[in-house]
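Questions regarding the structure given below will be posed in turn.
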Amino acid sequence: MAGRKKGGRGEEKPVGESRHADAPESGFLQGLQTYGDRDFSIYMRRAFAKSQGFSGEELVRPVIGIAYTHSRYNPCHRHFPELLEAVKRGVASAGGLALEFPTISLHESTLAPNSMKFRNLMAMDTEEMIRAQPMDAVVLMGGCDKTVPAQLMAAASAGRPAIQLIGGPQMTSRYKDDRVGACTDCRKFWTRFRAGQMDAREIDAVESRLVTTAGTCAVMGTASTMAAIAEALGMTLPGTAAIPAVHADRLRASEATGAEAVRLARQTKLTPDRIITAQSIENALRVLLALGGSTNGVIHLAAIAGRLGIKLDLKRLNELSDTTPVLAAVKPVGSEFYMEDFFAAGGIGAVMRELKPLLHLDCRTVSGETLGTRLAVLDGAYVDRRVIKSAAAPHEPQGGLVALFGSLAPDGCIIKRSAASPELFEREGRAVVFSSLEDMAARIDDPALDVTKDDFLVLQNAGPRAPHGMPEAGFLPIPKKLLAAGVKDMVRISDARMSGTAYGTIVLHVAPEAAAGGPIGLVRSGDRIRLSVAKRSIDLHVDAKELAKRKAAAEKAKGAEPALRGYEKLFRTSVLQAPDGCDFDFLRKV
Ligand code: FES
């Protein structure tokens, strides 16, 4: 017909008339590229989609984006190709179109200076790709420590319906008579090696036994803590956070997550801001405390909350800690159980069921039901009480983490009391100060170092604004000469973080950090520090006049700021302190 062109799905349209006047705000044709010619944008998008072999029928389905973080640099995500197939199967069976897209993937051992430095970059990448690409809902595939928080931060800001799929923990292995799993045991054996109780041949053999399957660390480290937090927030399907990576259950959970994403896109359209609320953040904190979970969980949860304008108050953390029992005895809490035991014992659901009287049960979850409805299903379910204790007979009566405040940490710091030595909780000690990571590496094992088991080791300049970007260096090694004398724990204080798999009487996240002018930067060897976990206090016993003198001298000695560029510049100029989750100032909700 002269003067008429064929329309998008067979209809005839006059030349010059919009061919897609009804182009939807959902599905594959949403969010068009801005050529200035809307029909041309649609025509181009469909042409390239067809180059992938998609039929017209497929292109009108709800689009489920899948944030895919498989990378050969990320051993914890080694099994993601198989999980992806299962997610896509679930999406297709529910009538959706699954489109995976790559984002940055972060692994603990392959990133320098540390993975935390790149969490915000991954969050920015993920947020922008969710926002810029056409999708009606997104499945977030994460696992290794920083990936899940980065994805939840991104999803909170992007504002699209989102569901988290966790990669799952590794299985344990054996070294001689020991059952082993990364990475609490990594540290245990390394400490033995440093103390001269193992030789090089033995530590080499251990190295091959620590990580023997795909998945995240086998203990309640940061990855498992963040998986639990994702489930406690209501952002995963119930019962899925702790399924081991290599279990068939993990594949079924992946398929179900894909199908749920389609339902989310078609029916409930629940966006993360309706799931992640001040109340669900408190639920997540309760779970974190009941698990004796990673200290990193506090930072990440503060960052996730900040994306929605919610402030995680460390004083409130202490109130929750005082009224939340530690229920799970999974390493590094206790000495026996691993994540596979925790899953078999009942998983996060069993913990939350015990916490029920303390939780906000009316919080909505990603699958539409309230938390209370989710937990009601578990009434009468099996629980292995060796691993997950009852609220009536807990592992410990109070939460695993507490915040301390005082003249050394005016804005707060964190101690994981459940992984610490109670006999060190109430004491005063002499500071032995290391001004940087390099200084510590150079002197910690020096036989001439003036240090005793009663001293407090202090590491400065390891916070978020320092050059290493808040590494997990808070687990300061015990000086070799003390190790050899049988010392197993000491008070250690820093503005750094600590791996969730580590243990000891370790005070972390001191804020403000030394690089931001915090008092921790003014401590000198020989100063007295008073620690009281009972009073939630940490104080530097140096008078104000002397501190002012030191501050002035430090300012005077300051050299020129190094010239920075790129992400390093963005990071150093925008990163917030630990109580605000170390997010970038411009990424929090305004
Ligand atoms: Fe990936 Fe521990 S290194 S979770």
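Numbering of ligands and ligand atoms starts at 1, following listing order. All values below come from the heavy atoms of this structure, side chains included, with hydrogens, waters and symmetry mates left out.
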Under 3.5 Å, which donor-acceptor pairs link side chains of residues 227-234 to any protein atom two or more places apart or in another chain?
unit_1, atom_1, unit_2, atom_2, d
Glu231, OE1, Thr240, N, 3.3
Glu231, OE1, Ala241, N, 2.9
Glu231, OE2, Gly239, N, 2.8

*asked:* Return all protein N, O or S atoms below 2.8 Å from atom 2 (Fe) of ligand 1, chain by chain in residue order.
replied: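 Atoms qualifying: Cys217 SG.
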*Thinking salt bridges, do Glu568 and Lys117 make one under a 4.0 Å N-O criterion?*
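Looking at Glu568 and Lys117, the cut-off is met.
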_Positive for side-chain hydrogen bond (donor to acceptor under 3.5 Å, both in side chains) with Lys331, one of Asp185, Thr172, Asp341_ =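 When Asp185, Thr172, Asp341 are each tested with Lys331, the side-chain hydrogen bond (donor to acceptor under 3.5 Å, both in side chains) holds only for Asp185.
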*Enumerate the residue pairs fulfilling side-chain hydrogen bond (donor to acceptor under 3.5 Å, both in side chains) with a member in residues 190-203, sequence neighbours excluded, ordered by first and then second residue.*
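Listed once each, the pairs are Arg194-Asp445.
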*Using the test salt bridge (Lys or Arg N to Asp or Glu O under 4.0 Å), find all partners of Asp583 that sit at least two apart in sequence or belong to another chain.*
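Here the qualifying residues are Arg307.
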*Quick one: is the NZ or CZ of Arg492 closer than 6.0 Å to the six-membered ring centre of Phe475, and within 45° of its axis?*
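Arg492 over Phe475 ring: yes.
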